[in-house]
Structures are given as C-alpha cells and as structure tokens.
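Written below as structure tokens is the structure these notes are about.
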Amino acid sequence: MLSRRRFLGAATAAWACAITRRPARAIGPGSQFRISQLAIEGTNWNPRPTALRRLCWGVEKRTAIDAARDPVVVKLNDSALFHRPFLYLAGDGDMPLPNAAGIDALRRFLTLGGFMVIDSAQGAASGAFDHAVRQLMEAVFPPPAKGLTLVPPDHVIYKSFYLLDRPVGRIAVSPTLEGVMQDGRMLVAYAQNDLGGAWARDNFGNYLFQCEPGGERQRELAFRLGINLVMYALCLDYKADQVHVPFIMRRRRWRGMGGGGSAVP
Amino acid sequence: MNVTLLTAGVRLTIAIIAAALTLAAFIGRRRAPRFSASLALLAGLAVVVVIADRITVLLAGAAHRGDVLNDYAWAWAPPWGDAGAWLGIGLAVIAIGLGAAAGRRIQSPFQRALVLGLRIVGVGAALAVVLRPAIDLMHIEYEPNHVAVLIDVSQSMGLQASPGKSRLERAQAIIRASQPTFASWRGRHLVDFFTFSSTAVASSPAAIESAEASGTETRILGALQAVSTQLEAGGDLAGIILISDGVDTVTADPGTPEGLAGVGPVHTLLPAKSELRDIAVANILADGIAFVRTPITIEAVIKSNGFPAEPRRVTLTKDGQVIRQAWAKPAGSHRAKVSFELAPDRVGKHVLEIATPVAEGETVTTNNRRAFVLNVIRDKLRVLQVAGQPSWDVRALRGLLDQNPNIDLISFFILRTQEDVGMEPDSELSLIQFPTRELFEEALPTFDVVILQNFNYFPYGMGTYLDNIRDYVNGGGGLVMIGGALSFASGRYAHTPIASVLPVTLAPSASDLIDTEEFSPKLTDKGRTHPITALHYDVTANNRAWSALPPLEGINRVTGVRPGAAVLAVHPRLVTRDGKPLPVIVAGDIRDGRSLAITTDSLWRWQFWAAGKGDTGSSYAAFWENAIRWLTRDPDLRHLRVTARAQGSPKQPVIVDIELSETDYSPLAGGNVAIEIGPTKRPSRVPVETMTVTTGDDGRAHAEVKNLAPGPYRVTATADVGGRPTHASDVVVVPTADAELRQPAADSATLAAIAEQTGGRFLGDASAIPADLPLSPPSTRTVDREVTVKLWSRPGLLILALALLALEWALRRRARTL
C-alpha cells in the first residue's frame, strides 16, 4: 500500500516535473537514448503503437537517462540500424525470415555491440510469433552457437535499476526471460508476456489493456522490467560489480522478510 | 698400544670397595657374623676379579710382543658357538647354586662364605676354560678426515682488533700459534685452509699469511655451507673452525638452525674483542620490486652491541615522510627483527629508509639509518569511471575497459538524480549512495586514471573533494574529462580546482557552452604523431583511418588551451574566442600527472556507427588504449629512458644509462641528453651535478657520476625528440658506507650461536686453536693384519679350577656337610 505521505510526495514531485521540465542532459540529439523499432515487412511489427513512447516517458522521468520519447523505425537493410544500439522487435503472429543480407546485418548489429528486445504480443507462451522468433534466432546464431537460452534469475537484467523477481508484462504466462548470451553479454532478450501491452496507453492517458492476473501492480512491474532493459543496454553489467553486491543482497533479504513492496503476481 | 680390560679407574674403585667390605666384615664379625661373612665373600671376589684382569692383560701384552699391531678387540670362542657359551654359563650358575644350597649346613658363616667363594672361583675358572676368551690383535690404517679452517678476509677484518693489530693479523697469528695443534692431529685429520668473503676459496697457511682484508661482502653461512658440502662429498668432515668477526653482510641471521642444517660441527673463534658500542640497521629484507596496492612486508634486522637489551624505536620513511614505526628489542644474540607492512599506492621508484635513533656513546652513527629504493610496478591498471548519466558513450567505454584484462575498472554511474521522480521504496531499487568520500578521499590515490564522463560534481556535495582530485593529478595521476551537457563549463568546473588540472580553459559563465551539430574532427600536426591519436604507425594509414571515422555530434565549447598542452584534434568549423579552432582532443602534462580533455560525448560512434560501415570498432579501441597508456606513462611509449644504479660503496661512481629513440621508436643516434642529479625531495631540487652525454648509433649513452655524498638522488634526463623536450627520471641511493664497514662491531653472539647450533665450541678470542677440540673421529679404517691370541684356554687354568673345587670339597667334608 502506498502511504499517504509517500503518495503526496510523489504527486508533488510529479507536478513539479510537469511544470519545470528537466534540462536536457545529452549534448546532441544523437546522444539521447532512443529506441529503434524494427519493421519487418509483411508483419504486424507494431502491435502496441504507443507502448514505447510511454516506456521512454517513464525512463525519462524515473532515471537519469536522457531519453527521446518517440522510437525510430528501422529496417534491417537501413544504415540507420547502426545509429542506435537498442533495437525493439514486436509481433503478434507469424513473421517471415529476413533475407540473407538482413540476417547478416542483424548478426553484425548484435555481435558488435547492439542489444535487441523481442516482445511477443501474441498473448500466449507459444504460437506463430514464438515459432518465427526461434527460427530467426537460429538463422542469426546457427549451431553450434547456443541461441536462445533461459535467463537465470540472478542475471543483472533483474537488478540493473529495480530489483525484480520475475519478468511480467500484460500477462504472466512465462516465468522467465529467454536470451542470447555471448562473452557474458546479453545480445537479445526475449519476453513472451507482452510487455508492450502493459505499457500502451491511449491519447487520453488510459491504459489500453488490463494486466492479468496482477492488475496495476503487475503493470508497474512491467514498466520496471522495461526500464531495467533500457538500463542494461546503457550500463551493461554495471550492477554486477562487486561494489553493489552487498547492498543488493541486503535489500533482497529485507524484502524476502516482508519489508518493502508487495508480492509479485 | 696398551691393552686394557678394566680401566685403572674401575680397578681402583673395585679395590676401594673390597677394602671397605673387608673392614666392615672385620668390624661386624661378632655382632653380625652372617652379614660380615657375606661382605667378606664379596670383597674376596672383587680381589679375584682384579687379579684376573691383571693376569689377562699380562697374558695379552705378552702375546703382543711389541709388534706393529696397533689395535685390539676382545673376543671368545666357546665350543658350539653362542649356544655352548649359554650352556656353560647355565651349568656354572647351577653349580654355584647347588654349592650355595649345600653350604647352608655349615655352622660357621665365614666357613660357609669361604666354601661358596671357592665354588664360585672354581666354577668361574672352569667356565673360562670352556668359553676360551681371546684377544684379536690388529694393525689398522685410518683414512684421515678433514678439518676445515675458514678465515674471514672481508674488509671488516681489516678493522683494528687490538692496538696496532687488525682482526686479520690476529687471525694470522692464531694460525701460526696453532701449528702444534695441527701437528698433533696428523694421521687422523687433514687440515684444509680456506679464506672467504663472498665465496670460500681454498688456501694455505702461507697464503693466509699474506692475505688482505679486501672482500666487499661477508657470507658466513654461504661459506660454511659450501665448505661443508665440498668436504662431505670428498670424504668425511671432522669439523670446521671458523675464524671471523661474525658480521655477515648478506644473511640477516646466520646462526639459525634452518640455515645451519647439515653443517658442522663448527667451532668458532673471534679474532677481536667486541668492545665497540653500536646500534645498527644491519639488514633489510625486502624485494626491490612491489606491485602497487599489493601488501608487502619489509623486515629489518636491528643489531645492538654494548647496550642493554631495551626496546628501540624503528621508523620506516617513504620519500622523506615517516609512514610506519615499530619497536625492536635486541636481546639474546643482540639482534631483533622488525616488520613493516605496507601496500604501496603509487607506481614508481620510491626511496624508503629504515632508521633507529642514535644512542648515547655509539661508536658509529651512520649505520643507524639505511635507505633503499622500492620500485613499485602495476600488475593491472586501476581505472575509475564516473559518469553523470547512462548513455551510449558510457556504455561503449565501460564495455571496452571492462573487457581489457589489464584493467581493473571501477565504475560509478548516476542512475537517478534528485530531479527524477520515484514512488517506489528504496528497497525495491538496486541503487546505492554515491560513495564520494570513499572514492575521492580514501581510494583516490589507488587509481591510475580517473575518468569524469559527462559528470557534474555539484549535486553530490563533492566540492570539498575537488582539491583532492587536483592534488591527485599534480602528484602523478591521470585524469580524463569527457564532454557532455554535464561536463566542462556546463558542469560548473570553471574556477574550480579541477579547472587547474585540465589541459583546456573554461568559460566562467556563458549561455553558449554547447554546440549540437555533427562534425568530423581534424587531426592537428601534433595529433598525427602523438601516441594517443596515432591509431596506426604509418602516417598515411593513420590519416586514412581518421578520415574513415564516423562523424561526431555535439561539442563543449572551451575558451582555449592551457600553455604547453598538445591539441590533437580540432573542430573543422568552430573556433574559440581567440580565433583558433575549437579543440576536441587535448592532452597535457600537469606537473607529475597527465590530463586529457575530450570535448564531446559521441566517441561511441567510432565503435558502433563504424560497425555499420564494416569496421569492427578497432579505431575506438586503439584510441582508448593509446590514451590509457599515455596517461599512465607506459614505459613502452617513452622515447627517453634513464637508469641509474649505485654500486656497493660510496667511493664507486653512480652509473647512469640512457636510451633514446626517435618518434617512431627507432634508436636516436647523436642525441644530446642533459643529465641532472639532485635531491629527491621537493622543493629543494637544486641539482648537485649536471652533465651532457651524446647517444651512440644504438641510441644509448653511458655516464658515471663520482663523489656523490651518501643519500638518495633523483637523476633526471632531458633530450630533444621530434623537436620537443622529453624527460625521464630515475631514483638512486648512494650507500652511507661500504656494506662491510656499516657494522664495525664484532659479533660474538652470532659466532656463539653458530657453534651452539652445530654442536661445536665457541672459543671466544682464544689466541690459538686448542688441540682437544671435539672433532669427529675418522670413520674409514682398514684392517690389514690380525692375530688372535687365546688367553685362558690352557691346562693350568683347568688345574686351578680343579684344585679350587677340590679344596672346597675338602672344607665341606671337614664341616660334615657332604
């Protein structure tokens, strides 16, 4: 439960932010954090059109990151693919495999420093989109590369800003993220719980979808996961540094004893 | 050869006992006749034993007949071997037992004792006939074993031992006076002579007579081990006689059981009296090299002669400042070991000194302190990256530095500021308090490079730590400021202590502090060959690499460049107020440190944007690798190197070696190098010696500096490389005295300890080697002649036995006990 004092404090802070916009902290537009959204022709590549804008608003408000609100739409054969290291791929159905040049470009993007978040809006843990994602990953990282693997619960992605236990979105059908790892770095994070569905709002500020089964607390945790993904893209495994470990362990222990926030749905 | 069975002492003892028993028997014959009779029996038997011994020796001597036989051994030869002997002994015991039992019926105790005595002697004589005792007379040749006489001929042996006589002269007199002793050992021991200082050398009395005390160091333990090993290998060792003043200049304590294991026995002799009163830092046990921030232990041995065993303060000084102190209590062997632990926090050569205060009445005061050079090197570079906000630039730099196995990266990123809104409790966040005090007050000296990346100090209460960062740079640290909206003048650094250690100058306040346009930086002439911006060795390839780099975006406007700083890359269009191109990359030496300014936060494009063009980001990696190496003064990047080394004595010159290379690192021949030798401590760095040398074809030069007073010096070399003055320096310590003369007092405690540990004898300041030294006997002998003489296997003895037994029978018959 949000205490009255905390609610008033937060409300005051939000009001202050609304009327006094924080000074820009990036030196130029190219230095701002901005998401590239991957458009694959012939697919519904943007099933939650307002989701990323809302996520970036949260990133901007809650963290020190200077984030641009609107994503940039890129294709695999665009030179602009390499202008921003954060790529977002969403879908709710089947997705054709890109051509060889596209596969090569995506492989180059990921292995030379890029990070891609794949968000399934299909509403189920498997299906046509899931099948297409696995095909795509196998094409980009053919064996003997490991391809998609389960992300362990102690991965830095769950503590890069917020301390999280599970990756929930609009739904909570999959208890874990999957990812592609290389040399200790996560190149791809694949979420099947429809993160975009939890973030998306209409023009009047209302959320478009109910979060099930956890309601608004689950939506908050979905935002937090989105912010953690952004923070990981910009700081890598910073929160795995030894200096942070005792603090994080202490806080996790304290939460486990009943302190802090409510249980995760 | 004298044959003996019972020694004279034993015989005398038996005789006295026999007399005492006889007297006691006589006195008590009426009161206690039975007891007195027993005593008389024992006395009689004792007399018989002595008589038997004498007769045996007489017989053996007669058998010897003054032959060349020189040794003997007692033996027996009973029939049927040992079984026969045991059978004979058993029968003898039974016969005596039966005699004793039968004798009970005799009324008179004295008679009874007489009868029993006759039985014992008779049976004993019969047993001697059966056992057939014999003596083996032999001629034995002994292989003499070795006695090593070691004479110390180090310089300290030249010190005065007594008026008009040095320690060595006294040692020579001891050898002369010991000739009778050596002569008495002839046949059993061979005497080998050695002299030693750093090593043991075979010698002779004649050579010792003309030896000089000239050795520059004393290795007592090494010499003992070498001689022991050599003689044990060639034959057996009877013992070692060490004639030395006991001052080992290499081993901290040569008298320990560990060092002396397998050595000995060593008999020690001091050719001097340890009358000098002196306290000295005798030895320092420390490696000359240490890793930065890795704990090391420095041990020192404090020796005290002629002073009571009381605690003495010992200090460790680094570059003129006392950093540790300990208490030493020399006792027992008058030496004490003190240990100092420290973790050097700064790379480079440091002068450390261990000192103990001068006590009243000390003969020598210069040996109370001892300086040495500790060369602190790094195993890994330690880099602190502090970023004002997460960004692509932050990510690229962390990813690069974190992957480098030679870098220990500590990152601190501001993930949330006071301006950001958060409704969640802290327990749900992974954020920690920015540890400003720990970083910028405690740990700052431990970093080789500090990177302030788009970081504004103001919101974090860091104003008080800016002085520390300035001092860190001035003291030799590396600083990088990377641009961004929170950096340079936009980060309010103008007029702060940080501004004084930046290679660029900042506008105090202006609205136009940032330009956000894209641009491709231009390399300056300096930038084409500077180690930071030379991405390739070949200038053409380097220009090509720079022109292929993706454009940058956004720049912090600075007002100018600090005098002496090198502008490596500039903005192609924008200029500073004085009309010069706006700098993008500027590097400068700031007193002992180095500083690098990068006025943009978009270098990450050289990595990721370049990847889109087919590059792997190698230029970005090369740029940062160069920058880190330049900031930390990587020796591989130096064009001028100087090495200075002192020799063991202050009389010997300090040797200075120079290596000079061109900008492309090929040897620079014919280069003039100015050398200055001055004190290490600021601010009094007035040179005491200057000279100029010219390098040869191999780019090397050599110089010798004579007559430097003892103490630490900084040797600074300056040369012109590629039109720019280049500096290099080294540190050297000229010793206060020859190692041999640092401890003038003779060390009798060490000699006593060596003797004790090896089972030898400490002879003090004896004037000659005594003949009765406990030396090991030769273990090798050869028996080349042997004669066996049967002593008692003769009819007379059998007749004697029969006669005694007949007499016993007759007495018993008379007493009617048959």
Side-chain angles (χ1 to χ4, degrees), chain A residues 2 6-7 9-10 13-14 16-17 22-33 60-66 79-85 105 108-109 112-114 159-163 183 185 220 224 230-231 233-239 241 243-244 247-248 251 254-255 259-261, chain B residues 387-396 398-399 402-403 409-417 419-433 435 454 483-487 490 514-518 553-556 600-602 604-605 607-614 616-617:
Chain A
L2 202 62
R6 185 172 288 155
F7 173 79
C17 281
R22 193 182 65 181
R25 286 182 286 205
I27 198 168
S31 295
Q32 271 190 319
F33 172 78
E60 170 81 6
K61 288 299 169 205
R62 299 189 191 194
T63 75
I65 298 169
D66 197 359
S79 61
L81 179 68
F82 283 88
H83 285 186
R84 287 159 209 89
R108 195 169 174 76
F109 171 90
L112 290 176
K159 57 189 176 190
S160 60
F161 191 80
Y162 290 106
L163 296 174
D183 299 330
R185 184 172 73 87
E220 169 62 18
R224 292 184 182 184
V230 171
M231 200 59 87
L234 291 177
C235 300
L236 299 174
D237 57 350
Y238 166 59
K239 280 294 171 186
D241 283 0
V243 67
H244 302 284
F247 293 91
I248 290 172
R251 287 187 186 163
W254 187 65
R255 291 170 64 212
Chain B
Q389 65 172 146
S391 69
W392 300 130
D393 210 32
V394 168
R395 168 193 203 272
R398 175 177 165 89
D402 202 30
Q403 281 176 5
L409 178 70
I410 309 295
S411 295
F412 276 95
F413 303 156
I414 304 299
L415 302 186
R416 171 181 263 185
T417 68
E419 294 160 349
D420 300 310
V421 183
M423 292 187 290
E424 59 288 294
D426 288 347
S427 62
E428 295 181 24
L429 291 156
S430 65
L431 309 184
I432 63 171
Q433 202 75 25
N454 191 25
L486 306 174
S487 199
S490 307
I514 287 173
D515 184 89
T516 60
E517 293 295 313
E518 267 194 358
E553 184 191 78
I555 188 168
N556 291 81
T600 179
D601 70 344
S602 55
W604 66 275
R605 289 181 171 206
Q607 185 190 52
F608 198 65
W609 279 43
K613 294 181 179 179
T616 56

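Chain letters run A, B, ... following the sequence lines, proteins first, then strands; residues in each count from 1.
- For the pair A:Tyr238/B:Pro390, no side-chain contact is recorded, criterion being any heavy-atom separation below 4.5 Å from C-beta on.
- Atom-to-atom distance recorded for A:Gln32:CD and B:Trp392:CH2 is 11.5 Å, nearest 0.5 angstrom.
- Taken from OG1 in A:Thr63 to CZ in B:Phe413, the straight-line distance is 13.5 Å, to the nearest 0.5 Å.
- A heavy-atom distance below 4.5 Å is found between the side chains of A:Phe82 and B:Phe608.
- Heavy atoms closer than 4.5 Å to chain B are found in both the backbone and the side chain of A:Asp237.
- Counting heavy-atom pairs closer than 4.5 Å to chain B, the top residue among A:Pro85, A:Gly114, A:Cys235, A:Ser79 is A:Pro85.
- Side-chain contact between A:Lys239 and B:Leu415 is present, with heavy atoms from C-beta onward closer than 4.5 Å.
- Rounding to the nearest 0.5 Å places CZ of A:Phe161 at 4.0 Å from CZ of B:Arg416.
- Under the rule for a side chain to side chain contact (heavy atoms under 4.5 Å, CB included), the partners of B:Glu517 that lie at least two apart in sequence or sit in another chain are B:Asp515, B:Arg573.
- Heavy atoms closer than 4.5 Å to chain B are found in the side chain of A:Arg108, but not in its backbone.
- Chosen from B:Ser391, B:Ser490, B:Gly399, the residue pairing most often with chain A at heavy-atom distances under 4.5 Å is B:Ser391.
- Note: A:Glu220 CD to B:Glu424 CD = 6.5 Å, rounded to the nearest 0.5 Å.
- Under a 4.0 Å N-O distance rule, the pair A:Asp241/B:Arg398 qualifies as a salt bridge.
- The two residues B:Gly388 and A:Ala64 come nearest to each other via the heavy atoms O-CB, 4.4 Å.
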